[in-house]
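Read the numbers this way: they start at 1 and go in the same order the structure lists the ligands and their atoms.
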Amino acid sequence: MDFDLTDEQKAIRELARRFADEEIAPSAKERDEKEIFPDEILKKMGPLGFLGGPIPKEYGGAGLDYIAHAILTEEVGRACSSVRTTLSVHISLAQLTILKWGSEAQKKHWLPRLASGEILGCFGLTEPDTGSDAANQKTTALKKGDRWILNGAKMWISNAGKAELAIIFAQTDKSKGAKGLAAFLVERNTPGYSTRDIHGKLGMRSSNTGEIILEDCAVPAANLLGEVGQGFKVAMSGLDHGRYSVAAGSVGLIQACREASVAYAKERVQFGKPIAGFQLVQEMIARMRVSEDAARLLVYQAGHLKNRGRPDTIATCIAKYFSTEAAQQAAMDAIQVHGGYGYSNEYPVERYLRDARVATLYEGTSQIQQLIIGRHETGISAFV
Ligand SMILES: Cc1cc2nc3c(=O)[nH]c(=O)nc-3n(C[C@H](O)[C@H](O)[C@H](O)COP(=O)(O)OP(=O)(O)OC[C@H]3O[C@@H](n4cnc5c(N)ncnc54)[C@H](O)[C@@H]3O)c2cc1C
């Protein structure tokens, strides 16, 4: 086992860290306060290859291996979880799903535009009445001639208001249940397709979240992604990548919590000495460091499997479950280290907590990750 990063992975870490420190972190507070989407940051990320990291070069991506992809995601997550969420959806849920399931024509048409940042992508699985039970899609797709007519609504979709391309999951035949599902590539300008932004989120306030409304939205038959009946598999394979990205971003968030806490604890003096010298403060900092290392190793373990094309669903669920829960704990501890100051936006740790909170919910809640891991261990599904 080799724990050393390759030269390319080290170079990505350095490049991404510099970019994140100079271009992402400085505006994070204001973007969070005013719910400003990071358009300008994304424009700068495109030419650096940051918007299509793991996409092969032949489709316009940077051709990064999955560990390097995680490193880039960590660094972005360390600076701003909202930008990281935007990337997780655009790269991992949208592009990697097209890479796996798209026809050659679909890949050639969409991936270069997505990977360069010319357009953004999103992933429409969740509906107003369908969350964890993702197979139970209410959105319908009816074949009429050479078109599929989509009707329904998608809820809580990251990038919805900004994406030019959405992967939409829909039911083609209710009697078939999960085996009737299909995935479609739907362009924003398709008649019958509209979006509505959701405001007032607890965190991730600089990311865009919205509803997608589909009213007799006629999609060309050529935009079917995979085959009819494969929709659930398409969705789950997308989540294998999305969860990996969320886990990596959470590692970055834990690191941000640790770094902020160490810096503050060394400066803050109580009882005549820096609070960093108190054992109970060091306990919290040690917990952050241990969870950061453990989370990172779990992410890289899943990345190692991805690099070799081996099944990674369970390793990814373990990494996502652990990292996102650990990030929440780290953010709680970081506020504790900062005392009353941690409770105000004078310091970034209150944003870290608000941002960390959603990661145990989206891309499958912690309960859903536990059920997937539990099913793997026992051979018994607790879902039905
Ligand atoms: C900011 C944000 C961005 C998002 N981005 C996207 C996106 O880009 N694309 C997309 O498709 N979705 C997105 N989502 C939706 C997200 O994936 C869902 O919110 C999530 O899957 C949970 O679904 P739900 O909210 O309907 O909760 P529910 O499924 O209603 O769950 C509610 C509670 O019940 C628990 N629960 C449910 N079933 C079980 C069970 N069998 N056993 C034990 N407990 C259970 C859950 O763990 C949870 O605690 C986003 C959500 C948010 C908040």
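- Per-residue contacts place Gly131 under 4.0 angstrom from the following atoms of ligand 1 (heavy atoms of the residue considered): 23 (O), 24 (P), 26 (O), 29 (O).
- For ligand 1, the atoms closer than 4.0 angstrom to any heavy atom of Leu125 are 11 (O).
- The protein heavy atom nearest to atom 20 (C) of ligand 1 is Leu361 O, 3.4 Å.
- Contact atoms of ligand 1 toward Phe123: 7 (C), 8 (O), 9 (N), 10 (C), 11 (O) (distance under 4.0 Å to a heavy atom of the residue).
- Here is the list of ligand 1 atoms found below 4.0 Å of a heavy atom in Thr365: 22 (C), 46 (C), 47 (O).
- Scanning the protein heavy atoms around atom 53 (C) of ligand 1, the nearest turns out to be Val358 CG2, 3.5 Å.
- A heavy-atom distance below 4.5 Å is not found between the side chains of Met288 and Val262.
- Shortest contact from atom 50 (C) of ligand 1 to any protein heavy atom: Trp156 O, 3.0 Å.
- Within a 4.0 Å radius of atom 33 (C) of ligand 1, the protein has no heavy atom.
- Between Tyr264 and Tyr341, the ring planes are tilted. Angles from 30° to 60° get that label.
- Every atom of ligand 1 with a heavy atom of Ile157 under 4.0 Å away is listed here by number and element: 7 (C), 8 (O), 9 (N), 10 (C), 11 (O).
- Nearest approach of Ala70 to Tyr300, heavy atoms of both residues: CB-CE2, 4.2 Å.
- There is no protein heavy atom less than 4.0 angstrom from atom 30 (O) of ligand 1.
- Looking at Glu74 and Arg78, no side-chain N of the basic residue comes within less than 4.0 Å of a carboxylate O on the acidic one, giving no salt bridge.
- For the pair Ile119/Leu114, a side-chain contact is recorded, criterion being any heavy-atom separation below 4.5 Å from C-beta on.
- Looking only at side-chain heavy atoms (C-beta outward), Val299 and Ser323 come within less than 4.5 Å of each other.
- Between the side chains of Ser88 and Ser245, at least one donor-acceptor pair of N or O atoms lies under 3.5 Å.
- Looking at every heavy atom in both residues, Val89 comes nearest to Cys122 through CG1-CA, 3.9 Å.
- The atoms of ligand 1 that sit less than 4.0 Å from any heavy atom of Glu363 are 17 (O).
- Between Phe184 and Ala170, the shortest heavy-atom contact is CE1-CB, 4.1 Å.
- Protein heavy atoms are absent from the 4.0 Å sphere centred on atom 25 (O) of ligand 1.
- Of all protein heavy atoms, the one closest to atom 40 (C) of ligand 1 is Leu371 CD1, 3.8 Å.
- Distance remark: protein heavy atom present below 4.0 angstrom from atom 10 (C) of ligand 1.
- Remark: minimum distance from atom 49 (O) of ligand 1 to any protein heavy atom is reached at Gln367 OE1, 3.5 Å.
- The shortest heavy-atom distance from Met204 to ligand 1 is not under 4.0 Å.
- Ranked by closest heavy atom to atom 37 (C) of ligand 1, the top entry among Ser132, Ala166, Ser88 is Ser132.
- Summary of contacts: the protein heavy atom closest to atom 2 (C) of ligand 1 is Tyr362 CD2, 3.7 Å.
- Ile368 CD1, 4.2 Å is the protein heavy atom nearest to atom 39 (C) of ligand 1.
- Taken from NE2 in His304 to CD1 in Ile67, the straight-line distance is 8.0 Å, to the nearest 0.5 Å.
- Every atom of ligand 1 with a heavy atom of Ser158 under 4.0 Å away is listed here by number and element: 3 (C), 4 (C), 5 (N), 6 (C), 7 (C), 8 (O).
- Using a 4.0 Å threshold on non-hydrogen atoms, atom 13 (C) of ligand 1 counts as touching the protein.
- For Gln328 and Thr360, the side-chain atoms include at least one donor-acceptor pair closer than 3.5 Å.
- Under a 3.5 Å cut-off, the side chain of Asn223 and the backbone N or O of Val186 do not form any donor-acceptor pair.
- Of the protein's non-hydrogen atoms, the one nearest atom 18 (C) of ligand 1 is Thr126 OG1, 4.1 Å.
- Closest of all the heavy-atom pairs between Pro311 and Leu305 is O-CD1, 3.6 Å.
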